[in-house]
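Written below as structure tokens is the structure these notes are about.
For the single chain, residues carry numbers from 1 onward in sequence order. Model, not experiment: these values are computed from the prediction.
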Amino acid sequence: MSTNVGYAQLIPMVQGVLDTLDSGIEAEQDAAAGLGRLARAMGDGQSEGEEALLQASRQHAIKAMQMRAKRAALLAQYGLS
């Protein structure tokens, strides 16, 4: 098998991984935003529940950033955009 054939077969797999990462990023961002809104709706800034929601929101935001970094690395590795 030539290198070009192997590369051509690899690109659809890479696109599948990128699509999965895109879906995951969107889900994590939505979760972070939703939890943040919920925490702000609680309003007093003092409750343990609000702090727990904010912490969970931050964790989802961090996960989204990690997934964006993986996506960027994958794009760079295969020379895609």
Review point. What is the distance from atom CE of Met13 to atom OH of Tyr78, rounded to the nearest 0.5 Å?
Key: 8.0 Å

Point to revise | Euclidean distance, Lys70 NZ relative to Gln66 CD, rounded to 0.5 Å | key: 6.5 Å

Exercise for review: Please name all residues satisfying side chain to side chain donor-acceptor pair (under 3.5 Å) with Glu26, sequence neighbours left out, ordered by chain then number.
Suggested key: none

**Study point:** Partner residues of Ala32 under the side-chain contact (heavy atoms from CB on, under 4.5 Å) criterion, sequence neighbours left out
**Key:** Ser57, His60, Ala61

Point to revise | Point-to-point distance, once rounded to the nearest 0.5 Å, from CG of Asp30 to CD1 of Ile25 | key: 12.0 Å

Exercise for review: For Val17, enumerate each residue passing the side-chain contact (heavy atoms from CB on, under 4.5 Å) test, keeping only those at least two apart in sequence or located in another chain.
Suggested key: Leu21, Leu74

**Study point:** Set of residues satisfying side-chain contact (heavy atoms from CB on, under 4.5 Å) with respect to Ala64, sequence neighbours excluded
**Key:** Glu28, Gln29, Arg68

Review point. In terms of hydrophobic clusters joined by side-chain contacts under 4.5 Å, are Leu35 and Ile62 together?
Key: no

Check your understanding: When clusters are formed by joining ILVMFWY residues with side-chain heavy atoms under 4.5 Å apart, either directly or through shared neighbours, do Met67 and Met65 land in the same one?
Key -> no

Exercise for review: Report whether Leu18 and Ile11 are members of the same hydrophobic cluster (ILVMFWY, side-chain heavy atoms less than 4.5 Å apart, transitive linking).
Suggested key: yes

**Study point:** side chain to side chain donor-acceptor pair (under 3.5 Å) partners of Asp22, counting only residues at least two apart
**Key:** Arg71

Check your understanding: For Glu51, which residues count as a salt bridge (charged side-chain N to carboxylate O under 4.0 Å, His left out) partner, sequence neighbours excluded?
Key -> Arg58

Study note, to complete from the structure: So CG of Leu53 and OG of Ser47: to nearest 0.5 Å the spacing works out to 7.5 Å

